[in-house]
*Asks:* 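The structure follows.
Counting begins at 1 with the first residue of the sequence.
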Amino acid sequence: MPIHIIVAINSNEPQAADELEVLAHGITTAGERTEQRPFDGEAALQMLIALSVATFPYFRTWIRSRADQRKETKVVVDGLELSGYTEKEVNRILDRVQGKIAEIPEGAPGHDG
């Protein structure tokens, strides 16, 4: 079984919707894009995606590209919200996601590599 994470982008960011569409195009298990409007923060576009051994490299490239452009991205894994755009923050996100993918038993759905 793949792991499910939520990816969120500030909806005020130019091309925010396009950025999530690029991610969805490369990860065909992505869900619908939704807008979150919390009472105490900025609105965000978010998408639930399923990551596996096969789709993680695309996600890694996508999030590093955003970091190179200094665009903040929030990722929620098992209720833990990770955010940022510095190399250290992005590596923290990627390490957490890759660690969860490594927990998928070999031969299980999501361990397709």
Side-chain angles (χ1 to χ4, degrees):
M1 165 179 262
I3 66 155
H4 292 89
I5 66 170
I6 297 171
V7 177
I9 300 174
N10 184 321
S11 62
N12 293 327
E13 178 183 308
Q15 293 93 31
D18 293 341
E19 291 272 344
L20 282 179
E21 289 305 315
V22 167
L23 179 61
H25 179 72
I27 299 176
T28 57
T29 55
E32 299 254 343
R33 183 181 69 227
T34 61
E35 187 165 12
Q36 176 188 25
R37 293 189 172 273
F39 292 114
D40 60 348
E42 294 184 10
L45 293 177
Q46 61 183 18
M47 181 180 293
L48 177 68
I49 61 172
L51 288 178
S52 65
V53 172
T55 58
F56 179 74
Y58 187 88
F59 173 74
R60 180 181 53 225
T61 300
W62 179 85
I63 202 165
R64 287 204 172 162
S65 172
R66 286 188 53 81
D68 289 346
Q69 298 171 48
R70 302 203 47 86
K71 295 180 178 178
E72 185 172 4
T73 307
K74 291 181 184 175
V75 175
V76 179
V77 181
D78 289 342
L80 175 65
E81 184 177 296
L82 305 163
S83 65
Y85 56 76
T86 67
E87 183 176 354
K88 182 179 179 180
E89 293 165 328
V90 169
N91 285 335
R92 183 172 169 238
I93 292 169
L94 293 171
D95 288 348
R96 177 73 178 194
V97 172
Q98 191 167 29
K100 295 305 288 182
I101 290 171
E103 293 173 9
I104 299 172
E106 196 168 327
H111 195 286
D112 40 16

*Asks:* Measuring from Thr86:OG1 to Glu72:CD, what's the distance to the nearest 0.5 Å?
*Replies:* 10.0 Å

*Asks:* Measuring only between side-chain heavy atoms, which start at C-beta, is Val75 closer than 4.5 Å to Phe59?
*Replies:* yes

*Asks:* Could you walk me through whether Trp62 and Ile27 pass the side-chain contact (heavy atoms from CB on, under 4.5 Å) test, one step at a time?
*Replies:* CA-CA 11 Å; Trp62 179 85; Ile27 299 176; over 6 Å; no

*Asks:* Restricting to side chain to side chain donor-acceptor pair (under 3.5 Å), what partner residues turn up for Asn12, sequence neighbours left out?
*Replies:* none

*Asks:* For the CD1 atom of Ile63 and the CG atom of Asp68, what is their distance to the nearest 0.5 Å?
*Replies:* 11.5 Å

*Asks:* Could you report the tightest heavy-atom contact between Leu23 and Tyr58, atom names first, then the distance?
*Replies:* O-CE2, 3.8 Å

*Asks:* Could you tell me the separation between the CD atom of Glu19 and the CD atom of Gln69, rounded to the nearest 0.5 Å?
*Replies:* 6.0 Å

*Asks:* Who are the side chain to side chain contact (heavy atoms under 4.5 Å, CB included) partners of Arg64, not counting sequence neighbours?
*Replies:* Arg60, Val90, Asn91, Leu94

*Asks:* For residues 3-16, pull every pair meeting salt bridge (Lys or Arg N to Asp or Glu O under 4.0 Å), keeping only residues two or more places apart or in separate chains.
*Replies:* Glu13-Arg66

*Asks:* For Ser11, what residues pass the side chain to side chain contact (heavy atoms under 4.5 Å, CB included) criterion, not counting sequence neighbours?
*Replies:* Glu35, Ala43, Leu45

*Asks:* After noting the C-alpha distance and the side-chain angles of Leu82 and Arg92, does the key distance pass the side-chain contact (heavy atoms from CB on, under 4.5 Å) rule?
*Replies:* CA-CA 8 Å; Leu82 305 163; Arg92 183 172 169 238; 3.4 Å; yes

*Asks:* Give a yes or no on whether Tyr85 and Val77 share a hydrophobic cluster (residues Ile, Leu, Val, Met, Phe, Trp, Tyr; joining criterion: side-chain heavy atoms under 4.5 Å apart).
*Replies:* no

*Asks:* Excluding sequence neighbours, so at least two apart, what forms side chain to side chain contact (heavy atoms under 4.5 Å, CB included) with Thr61?
*Replies:* none

*Asks:* State, to 0.1 Å, how close Ile9 and Ala16 come at their nearest heavy-atom pair, and which atoms those are.
*Replies:* CG2-CB, 3.9 Å

*Asks:* Restricting to non-hydrogen atoms, name the atom on Gln46 and the atom on Ile6 that form the minimum distance, rounded to 0.1 Å.
*Replies:* OE1-CG2, 3.8 Å

*Asks:* How about Glu21: does its CD atom have over 12 heavy atoms from other parts shown lying under 6.0 Å from it?
*Replies:* yes

*Asks:* At what distance, to the nearest 0.5 angstrom, does CD1 of Ile49 lie from CG of Leu20?
*Replies:* 9.0 Å

*Asks:* For Glu103, enumerate each residue passing the side chain to side chain contact (heavy atoms under 4.5 Å, CB included) test, keeping only those at least two apart in sequence or located in another chain.
*Replies:* Lys100

*Asks:* Does Lys71, at its NZ atom, have more than 12 non-hydrogen atoms belonging to other residues, nucleotides or ligands within less than 6.0 Å?
*Replies:* yes

*Asks:* Which heavy atom of Glu89 sits nearest to which heavy atom of Gly84, and what is that distance?
*Replies:* OE1-CA, 3.2 Å

*Asks:* Once you round to the nearest 0.5 Å, how far does CG of Leu51 lie from CD of Gln98?
*Replies:* 11.0 Å

